[in-house]
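What follows is a set of notes on a single structure, which appears directly below.
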Amino acid sequence: MEKMDHDIAIIGAGVIGCACAYRLQQAGLKVLLLDKEAPGQGASYGNAGHIATEQIMPLANPAILTQIPSMLFDPVGPLRIDWRYLPRLLPWMLRLISNMRAGAQARSQHGLIQLNQASLDAWKALLGDIDAADLMHHQGSLLVFEQEKTGQALHQFAKTLAQNGVVVTPLSQVEVHRKVPGLAKTVLGALEFPETSHVIDPLKLVESLVDAAVALGTECRQLDVQGGCLTEDGVELYTSRGTVTVPRVLIAAGAHSRSLVFQLTDTDIPLDTERGYHLMLPNESHRIPVAVTSAERRFIMTPMADGLRLAGTVEFAGLERPANMERAHRLAELGDSLFEHPLDLAGSTPWMGFRPSLPDSLPIIDAVGPKQQVMLALGHHHLGLTQAAVTAQAIRDLALNQPPSLDLSPYRLSRFRTA
């Protein structure tokens with residue numbers, strides 16, 4: 001057994017774990033960062049790069065129930081349930097349906113609004129601190145539509161968003177094509193979200209956070225944390241290289257967090273995974289100036305330093321089944337449909353990753369245990385990148401026992417505990 005000379009061990013070196021590592025180390029704590037892979041190699045590697053502050057609506061919406069047949073039988077549809085995984089997903093789905101009640105929806109929406117409204121400023125402060133502001137472009141984003149009925153629905157949706165503090169501007173067809181030349185003539189208009197941003201290199205973003213944390217004293221180890229238990233002195237962690245003990249842990253292992261959370265908190269959280277796919281086009285980095293989402297085709301295109309990233313499909317199939325890369329390649333066809341001239345697909349590369357999803361669409365941000373020695377920052381579903389910096393601020397405040405800048409009650413672990 002190895003007793004670590006650290007104040008806290010962070011399990012998970014994705015964007016959330018690494019943002020927390022920097023903020024905790026900056027605050028004077030000695031941080032040990034653990035992951036079985038190199039930093040940023042999980043879901044953080046392949047995210048859409050969109051700082052999606054406009055996405056304040058929880059997944060638990062009654063409209064999703066009408067889509068279940070297509071989810072089961074269309075293997076390349078935008079939202080899919082692998083029928084072989086359905087028995088294991090059913091408890092999660094029942095909780096999702098429970099969260100469709102008006103009161104539960106309102107609580108989830110309040111929690112999303114609070115995090116998203118603080119996210120962009122938190123990112124600007126964090127990137128300024130690590131001298132990496134150039135990795136994020138603050139130019140807004142577009143949600144485009146191709147059908148008149150979709151446009152009418154989006155204009156109503158824009159009113160709802162505006163009532164909830166989201167800055168949104170409807171754009172005409174002429175205005176959209178002026179902002180993004182080369183879009184297909186079928187694009188009839190858009191909603192513009194000026195207070196959103198995009199990351200031009202998600203992996204470099206994570207690596208920059210790690211480098212900054214290490215420069216302050218954080219230690220990184222690449223090993224697999226396989227379990228743990230509470231002790232009088234703190235926490236024992238069982239790893240692929242033996243047992244280590246630390247005074248406190250932060251679980252930020254995304255979709256892989258459920259077992260460890262149960263072992264350390266005796267709470268079985270309803271955590272599942274939205275498997276996300278992307279297709280990277282290395283020769284298309286200058287095709288569009290901002291992130292563009294298609295309302296009808298339900299995918300997003302984000303310009304990055306290494307090309308154009310097409311992303312956005314969701315698949316419920318668990319952690320074990322192999323990726324269905326046909327879903328990623330299907331994105332090329334969707335992307336082509338939005339431009340006057342075809343995309344250059346030479347050298348394109350597909351990817352699949354696991355987004356951690358809880359049925360109320362809210363993360364767990366908390367500190368629990370007899371001495372609050374178990375901290376939690378997980379379950380951000382497809383908003384992990386968006387909410388990473390503000391989550392890191394909240395975790396720092398909890399670790400230092402300082403009054404948090406946010407009301408953390410919507411994100412407590414206790415909402416999943418049963419009597």
Less than 4.5 Å apart, side chain to side chain, heavy atoms only: is that true for [X] and [Y]?
X      : Y      : value
Pro282 : Asp306 : no
Leu135 : Ser208 : yes
Pro247 : Gln373 : no
Leu183 : Phe339 : yes
Ser257 : Ile251 : yes
Thr265 : Phe416 : no
Val168 : Leu143 : no
Ile10  : Leu24  : yes

So, does [X] use its side chain to make a donor-acceptor pair with the main chain of [Y] at under 3.5 Å?
X      : Y      : answer
Arg248 : Ala399 : yes
Ser119 : Thr386 : yes
Gln41  : Ala38  : no
Glu296 : Gln147 : yes
Thr302 : Ala48  : yes
Ser44  : Gly14  : no
Gln25  : Val31  : yes
Glu54  : Val166 : no
Thr273 : Arg355 : yes

Exercise. Look at the aromatic rings of Trp351 and Tyr45 and report parallel, tilted or perpendicular, splitting at 30° and 60°.
Key: tilted
Practice problem: If the plane angle is over 60° it's perpendicular, under 30° parallel, otherwise tilted; pick one for His256 and Phe354. | Solution: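 Rings of His256 and Phe354: perpendicular, over 60°.
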Can we say [X] and [Y] salt-bridge, meaning some charged N sits less than 4.0 Å from an Asp/Glu carboxylate O?
X      : Y      : result
Arg415 : Asp360 : yes
Arg321 : Glu315 : no
Asp129 : Arg23  : yes
Asp5   : Lys30  : yes
Lys204 : Glu207 : no

Quiz prompt | Leu358 side, atom CG; Leu59 side, atom CG - distance, nearest 0.5 Å | solution = 11.5 Å
Quiz item: In Å, rounded to the nearest 0.5 Å, how long is the span from CE of Met93 to CD1 of Ile81?
Solution: 4.5 Å
Self-check item: Set of salt bridge (Lys or Arg N to Asp or Glu O under 4.0 Å) partners for Asp268, sequence neighbours left out
Solution: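 So Asp268 forms a salt bridge (Lys or Arg N to Asp or Glu O under 4.0 Å) with Arg258.
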Quiz item: In a check of side chain to side chain contact (heavy atoms under 4.5 Å, CB included) between Leu385 and each of Ile16, Val206, Asn47, which one passes?
Solution: Asn47
Self-check item: Partner of Ile200 by side chain to side chain contact (heavy atoms under 4.5 Å, CB included), out of Met136, Arg309, His137
Solution: His137
Quiz item: What salt bridge (charged side-chain N to carboxylate O under 4.0 Å, His left out) pairs are there with at least one residue in residues 180-203, not counting sequence neighbours?
Solution: Lys179-Glu192, Lys185-Glu340
